[in-house]
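Below is one structure, written out as structure tokens; comments come after it.
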Number of protein chains: 2
Amino acid sequence: MGKEVLSEETIEVLRNPPLQDAARTITDGLRSHRTLLIIGNCRVDYQGRASSKLKPGDRMVIIKRDGSVLVHRPTGYDPVNWQPPGCKLQAYTEKGNLIVRAVRERPRETITIQFNKLYLLTSMALIDRGEFSLYASEEDMQRAVLLHPDLIEEGFKPITYEKKVEPGFIDVYGMDRDGRLVIVEIKRGTAGREAVLQLAKYIGSVKGEVNREVRGILAAPQLAKGAQKMLITLGLEYKRLDPKRCAELLRRSSVRKISEFL
Amino acid sequence: MGKEVLSEETIEVLRNPPLQDAARTITDGLRSHRTLLIIGNCRVDYQGRASSKLKPGDRMVIIKRDGSVLVHRPTGYDPVNWQPPGCKLQAYTEKGNLIVRAVRERPRETITIQFNKLYLLTSMALIDRGEFSLYASEEDMQRAVLLHPDLIEEGFKPITYEKKVEPGFIDVYGMDRDGRLVIVEIKRGTAGREAVLQLAKYIGSVKGEVNREVRGILAAPQLAKGAQKMLITLGLEYKRLDPKRCAELLRRSSVRKISEFL
DNA sequence: GCCTAGGTCCCGTTG
DNA sequence: CAACGGGGCCTAGGC
């Protein structure tokens, strides 16, 4: 068995550590790119594109080895404050508090976390090489349509995908059985007005270039009410397309690469 | 001092616990709505709007008391798998593994986390009533414009805000010094084509109603390149407006409610 | 670097 | 409830 399991030494746990000790452990952990977990009572300040203040309370702070920082409150999906990967970190004590500061350049943003008490500090060398695969994404739907154009309609023939036009990228670009150009916009969830606008923009752009009839088809599992009205007004079409069914079709097919079909 | 600090008893830490013990502690923690932190080697399956598989590796799992679940790898801002607040949880052992399952209804989604080894299990009663305030949001910019219409241009007089027209809501609706109607669209970041289209739609709608000249001003800290071209083509205008400065202005002003100005 | 578009987006607000 | 828009969105992909 090639299971990778951490030796006990690679995870260091301090309970209620003095803030001085904590600062040292965090600094060491940052230098060796370990994953740090800090649980304690803190306030947080953020300055950057916006700014925010968070008054004291108990939080969990995760510092990952790529330099991302997450400050989590005891409720909610979102971190209340954060820093994306790549920021510079430092930790030190000042006036009896533990300060953790994370700075990001471009855009210049800073978060400052001020702990007055730590309950738990963990410094870890986590190993994670596990492969992640996601199914039924919009990309799967696009691949399925290219593999099985009949999902859109009988006789539909894709010409290209992710075609660049002035306003953006056309998901699938092809021709119907009567030789008319077709632009397909795919959505993996309920398609709203925005999706219709997107499709309309592409059509406008292509019409401006080719000067002949261009059909627009919105392919999605569902249509929002407002989107339906707009679709009709603009003379566009809708085709029900289920992401899960697309993923199924792909699994059955042995072919993998989009490029093999065009 | 009214500082709330956790007693040591309210945080329970198990190092390398047997999975049976862990299952019991987690089940207890779930029942009493404690915050749980599980660090160990696991695989994760997700089934719902999409589906995913994550092969074994070391991860941190946070279970919050509102029923949100986050599975974090050692890198990246985003959790690799998650469940938003409100899902139902259970924990048990099966074939020598610790299983944590989180189910959400509407949409029906399930994540299953299978641990083969735990490094650390923490069960906590965190207390966090700290107030959070965010400054320099788009709403702040709108408030600032209503308070100080000169931010748009000298002589500008707001009439109303969030005015409903057919395609949506006009951020600020007013009149310039020459009595022409003005529609202001505010963006807190770089304004793209989308913003210009939005503004154009509002103008079209209002022109259709009032049958006289209507100016459109896009107020944002910056203009995207494509947006500028489109703006010129459509005969619209741009006014630089900095969110930070808006937030500043608001802080200086003691008045808080938008409704007081109209 | 900017820009475009997707996301298991999440989240708040409104009809 | 669905629908729509915002977000310090973040992230990936092109140019």
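Because the structure is predicted, anything quoted here is derived from the model rather than measured. In what follows, chains are A, B, ... by sequence order, proteins preceding strands, each numbered from 1.
- Rounded to whole Å, atom P of D:dC10 lies 16 Å from atom CG of B:Leu70.
- Test B:Val196, B:Leu236, B:Leu218 against B:Glu185 for side chain to side chain contact (heavy atoms under 4.5 Å, CB included) and you get one pass: B:Leu218.
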Watson-Crick or G-U pairs under 3.5 Å in DNA chain D, rendered as dot-bracket with [ ] for crossing pairs and | for another strand: |||||||.|||||||

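- A:Val103 and A:Cys87 get closest at one heavy-atom pair: O-CB, 3.0 Å.
- Position along DNA chain C of the nearest nucleotide to A:Lys201 versus B:Ala50 favours A:Lys201 as the more 5'-ward residue.
- With C:dC11, C:dG7, C:dC3 as the choices, the nucleotide that has an atom nearest any side-chain atom of A:Ser137 turns out to be C:dG7.
- Position along DNA chain D of the nearest nucleotide to A:Phe169 versus B:Gln198 favours B:Gln198 as the more 5'-ward residue.
- For B:Glu139 against D:dG6, no side-chain N or O and base N or O form a donor-acceptor pair under 3.5 Å.
- The two residues A:Glu138 and A:Arg188 have their closest heavy-atom pair at N-CD, 4.1 Å.
- Atom name C1', nucleotides C:dG7 and C:dC11: the rounded distance is 14 Å, in whole Å.
- Using a 4.0 Å heavy-atom cutoff across all strands shown, B:Arg106 reaches sugar-phosphate atoms only and no base atom.
- The phosphate of C:dA5 has OP1 or OP2 within less than 4.0 Å of a side-chain N or O from A:Tyr202.
- Within the nucleic acid shown, A:Pro167 comes within 4.0 Å of sugar-phosphate atoms alone, with no base atom in reach, counting heavy atoms only.
- Rounded to an integer number of Å, the gap from A:Lys163 NZ to D:dG14 P is 16 Å.
- In terms of heavy-atom proximity, B:Ala200 sits nearest to B:Leu234 at CB-CD1, 4.0 Å.
- A sub-4.0 Å separation between OP1 or OP2 of C:dT8 and a side-chain N or O of B:Arg104 is absent.
- Here B:Arg193 reaches the OP1 or OP2 of C:dT4: one of its side-chain N or O atoms lies under 4.0 Å away.
- Rounded to an integer number of Å, the gap from CD of A:Glu194 to P of C:dG6 is 8 Å.
- Between the B:Thr233 side chain and the B:Lys229 main chain, a donor and an acceptor come within less than 3.5 Å of each other.
- Across D:dC4 and D:dG8, the matching P atoms stand 23 Å from one another, rounded to whole Å.
- In this structure, B:Lys187 and A:Leu223 both approach DNA chain D, and ranking their closest nucleotides by distance from the 5' end singles out A:Leu223.
- Here the shortest heavy-atom pairing between B:Lys64 and A:Thr75 reads NZ-O, 3.4 Å.
- Applying the 3.5 Å distance criterion, the base of C:dG6 shares no donor-acceptor pair with the side chain of A:Glu138.
- Donor-acceptor pairing under 3.5 Å, judged by distance alone, is absent between the side chain of B:Asp78 and the base of C:dG7.
- Nearest to the side-chain atoms of A:Glu185 among the listed nucleotides C:dC10, C:dG6, D:dT11 stands C:dG6.
- Counting to the nearest Å, the C1' atom of D:dC10 and the NZ atom of A:Lys64 are 12 Å from each other.
- Summarising the geometry, the separation between CH2 on B:Trp82 and C1' on D:dT11 is reported as 12 Å, rounded to the nearest angstrom.
- Taking every heavy atom of both residues into account, A:Ala136 and A:Lys244 meet most closely at CB-CD, 3.9 Å.
- Counting to the nearest Å, the P atom of C:dG7 and the OH atom of A:Tyr77 are 14 Å from each other.
- Counting non-hydrogen atoms under 4.0 angstrom, B:Val80 reaches a base of the nucleic acid.
- Checked against C:dC11, C:dC3, C:dG7, the side chain of B:Pro85 finds its nearest nucleotide in C:dC11.
- The NZ-P distance, from B:Lys164 to C:dT14, rounds to 13 Å in whole Å.
- For the pair B:Arg49 and C:dG6, the criterion of a side-chain N or O lying under 4.0 Å from OP1 or OP2 is not met.
- Within the nucleic acid shown, A:Gly48 has no heavy atom closer than 4.0 Å to any nucleic acid atom.
- Partner of B:Leu151 under the side chain to side chain contact (heavy atoms under 4.5 Å, CB included) criterion, out of B:Val184, B:Leu146, B:Leu241: B:Leu241 alone.
- In this structure, B:Phe132 atom CZ and D:dG7 atom P are separated by 13 Å, rounded to whole Å.
- Shortest non-hydrogen contact noted between A:Arg73 and B:Arg129 is NH2-C, 4.1 Å.
- Residue A:Lys225 places its side chain closer to D:dA3 than to any other of D:dA3, C:dG6, C:dT8.
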